[in-house]
Amino acid sequence: MARGVRRWVPALDRPALVALLLGTAGVVYRLVLTLHTVPAGNSDEATFGLVALHVAQGRAHPVFLYGQRYMGVLESYLAAPLVAVAGPSWTALRLPLLALYAVFVWLMYRLTRRAFSPWFAVLVVGLLALGTERVVRDQMTAVGGRPEVKVAVAAMLLVAVGLAERTVRHRRLAVGLFGLLAGVATWSDWLIVPYLAVAGLTLLYALRRELFGWAAVLLAAGFAVGVFPMLWDNLTAPPGQDSLSVFRQVDATGGPPGPLVGRVVGGFTEGVPLASGLCPAGGCARWQEWFGLLYPVLLALAAGLALVALRRRAAHPVRPVVRLALVAGAALTLVGYVRSPLAAADPLASARYLSVLQLSLPAVLWPLWVAAVGCWRGTAGALGRLAGATATAVLAALTATALVATGLFAVGTADIRAEERQARRIAEVLRGSGPRHVYGDYWTCHRLTFTTAEEVLCGVLDDRLHPGQNRYPAYWRAVARAERPGYVLRAGSAAERRLTELLAGDAIPATVTEVGDYRVYHPATAVRPWR
């Protein structure tokens with residue numbers, strides 16, 4: 001029996017063992033945060049949770065997020081079995097994302113080890129194990145697309161490497177899997193399109209002599225299966241409600257782009273360090289912006305090293321091609337990001353669009369690693385040793401900055417946990433004494449409905465107490481039919497001031513319950529000022 005066990009358990013060399021320990025630490029860290037609902041939930045994530053609840057109950061099988069016809073809901077389908085067994089909760093919603101994170105780290109280790117080097121892969125895993133609020137929120141909250149599409153691209157690149165180096169036994173199955181992953185990623189989140197494009201070019205290089213045969217058919221078939229939900233929805237959508245049309249409308253309402261300099265500065269000095277886990281969610285200090293300024297330089301150096309390796313006809317030519325693909329994916333993503341006015345107007349919130357840059361972390365850091373290793377081995381001249389010492393210092397500074405930022409976030413979650421406790425208290429109050437039909441702002445409503453498993457239904461109002469962004473119209477209609485709907489409003493908000501004016505002007509009595517920073521109003525008669 002012992003021999004049989006040894007036969008099935010692969011031997012781990014030192015880099016693999018260290019990477020396993022670091023990756024496990026990253027998973028445990030995120031599991032602890034998940035069990036404590038850190039980061040706190042919000043109405044965007046709650047909408048994915050409500051989709052999961054409806055899927056689990058067999059009430060609906062949507063293709064896109066409610067009220068948003070271009071964001072796939074694969075995360076909701078992954079969570080639906082847990083929601084069906086345990087009921088709706090943030091933990092049930094996030095545990096599948098924890099599994100996706102673990103798979104992503106493992107794939108990145110395998111990809112980095114094959115395309116770069118074993119010990120460098122350990123460094124990449126160590127950095128991916130860390131995580132500030134911005135990074136963890138992108139990885140561990142169900143807000144659409146990013147966790148699963150990164151897994152898809154890493155797996156696609158590994159498939160391309162295996163096909164090129166002929167280490168894949170079932171080649172046709174692998175090509176079909178590549179297409180399936182590309183299709184699912186396209187349905188899930190269009191932010192990944194630049195990486196899908198470069199992964200496709202990598203596959204073209206790997207199969208350049210056989211792609212226009214059976215491989216092309218299997219690739220197309222796999223892609224069609226993966227993207228089928230989106231295709232079917234778009235074919236049956238009313239005119240102007242297909243994904244492309246809706247996405248264009250959203251893009252057109254973003255406002256003027258603003259000065260290019262402001263977008264570039266915001267994108268690189270705030271967006272890149274935030275997405276890389278070097279800054280708190282509140283923004284980057286001056287001393288934390290250095291990596292964003294260095295990022296394009298490292299991309300250029302990485303591209304140069306990859307091109308040199310290609311010209312020298314390396315033993316494994318697909319590996320520099322993968323490096324070029326990762327560089328191109330990052331560059332295209334950044335170009336798309338700095339085209340948006342949000343890069344200058346709101347880099348703190350919009351940095352989430354750069355979370356896919358984690359895929360390119362090995363390519364970005366590779367020039368520093370090459371220079372540092374050359375210095376350690378004593379194979380470089382005086383100038384090379386100076387460059388190697390500088391590169392070593394940069395890698396150490398990057399690791400230390402990420403470690404400190406992660407530590408500060410991990411020990412500073414008291415406010416986040418207090419906010420989540422307050423949201424649960426509001427839900428408990430309404431569950432216990434009512435009302436069960438209420439109005440509130442966007443960031444209150446779906447969160448409240450999900451937390452109470454739809455025992456409390458909420459209609460969204462804006463600051464003027466007019467209908468707001470109601471993603472799921474059935475809730476609005478249910479509250480509209482209630483005889484005496486209540487209001488859940490933040491104390492001192494514009495919406496609360498407007499409500500108190502209406503109540504006083506019409507002499508309508510109302511019971512008021514204070515719950516933390518919120519007040520629950522239950523007027524004696526229905527108050528609907530928009531009518």
Side-chain angles (χ1 to χ4, degrees), residues 33 37-48 65 67-68 70-71 75 94 97 131-147 149-150 189-192 247 249-286 288-289 291-292 295 333-358 405-406 408-409 412-413 415-416 419-420 423 441-447 460 462-463 468-469 471 490 493:
L33 294 177
T37 317
V38 177
N42 60 40
S43 281
D44 281 346
E45 186 178 14
T47 307
F48 279 89
L65 185 64
Q68 190 169 304
Y70 60 87
M71 178 67 73
E75 294 170 8
R94 295 179 180 182
L97 303 183
T132 57
E133 182 179 357
R134 175 73 276 160
V135 171
V136 173
R137 182 174 291 280
D138 290 332
Q139 294 170 340
M140 296 304 304
T141 59
V143 290
R146 292 178 285 279
V149 296
K150 289 186 293 185
D189 191 346
W190 289 5
L191 284 176
I192 204 64
F247 193 78
Q249 293 170 12
V250 173
D251 189 55
T253 57
L260 177 61
V261 173
R263 286 180 276 131
V264 171
V265 170
F268 282 94
T269 63
E270 289 280 359
V272 171
L274 276 166
S276 302
L278 304 181
C279 308
C284 299
R286 288 292 183 185
Q288 295 170 315
E289 297 176 352
F291 185 65
Y295 200 90
T333 298
L334 285 166
V335 168
Y337 178 68
V338 299
R339 288 181 63 250
S340 168
L342 293 175
D346 194 6
L348 300 185
S350 63
R352 66 185 185 275
Y353 300 128
L354 296 179
S355 66
V356 294
L357 292 182
Q358 286 185 332
T406 298
L408 291 175
F409 166 59
T413 61
D415 291 343
I416 297 174
E419 178 195 348
E420 182 59 32
D441 62 29
Y442 175 78
W443 295 110
T444 299
C445 271
H446 277 197
R447 182 179 184 178
V460 180
D462 61 18
D463 288 344
Q469 186 182 11
R471 289 186 177 274
R490 183 178 290 275
S493 65

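Ring geometry, His446 versus Tyr442: the interplanar angle falls from 30° to 60°, so the pair is classed tilted.
Residues satisfying the salt bridge (charged side-chain N to carboxylate O under 4.0 Å, His left out) test with Arg352, not counting sequence neighbours, are none. Listed by chain and residue number, Asp441 satisfy the side chain to side chain donor-acceptor pair (under 3.5 Å) test with Thr444 (two or more places apart in sequence, or in another chain). With sequence neighbours excluded, the residues forming a salt bridge (charged side-chain N to carboxylate O under 4.0 Å, His left out) with Asp462 are Arg464, listed by chain and number. With sequence neighbours excluded, the residues satisfying side chain to side chain donor-acceptor pair (under 3.5 Å) with Thr37 are Arg424. Applying the side chain to side chain donor-acceptor pair (under 3.5 Å) test to Arg146 and every residue at least two apart in sequence or in another chain returns nothing. Glu270 meets the side chain to side chain donor-acceptor pair (under 3.5 Å) test with no other residue; sequence neighbours excluded.
Side chain of Ser276 to backbone of Leu278: no donor-acceptor contact under 3.5 angstrom is found. Under the 3.5 Å distance criterion, the side-chain polar atoms of Ser43 are matched with a main-chain donor or acceptor of Arg447. A donor-acceptor pair is defined here as one N or O able to donate and one able to accept, closer than 3.5 Å; no such pair exists between the side chain of Glu45 and the backbone of Val143.
By the 4.5 Å heavy-atom criterion applied to side chains, Tyr337 and Pro347 are counted as neighbours. Put simply, the side chain of Arg137 does not reach to within 4.5 Å of the side chain of Ser355, judged on heavy atoms. Under the 4.5 Å side-chain criterion, counting only non-hydrogen atoms from C-beta, Thr141 is not in contact with Asn42. The side-chain heavy atoms of Gln68 and Thr47, taken from C-beta on, include no pair separated by under 4.5 Å. Residues Val136 and Pro39 meet the side-chain proximity criterion, which asks for heavy atoms closer than 4.5 Å.
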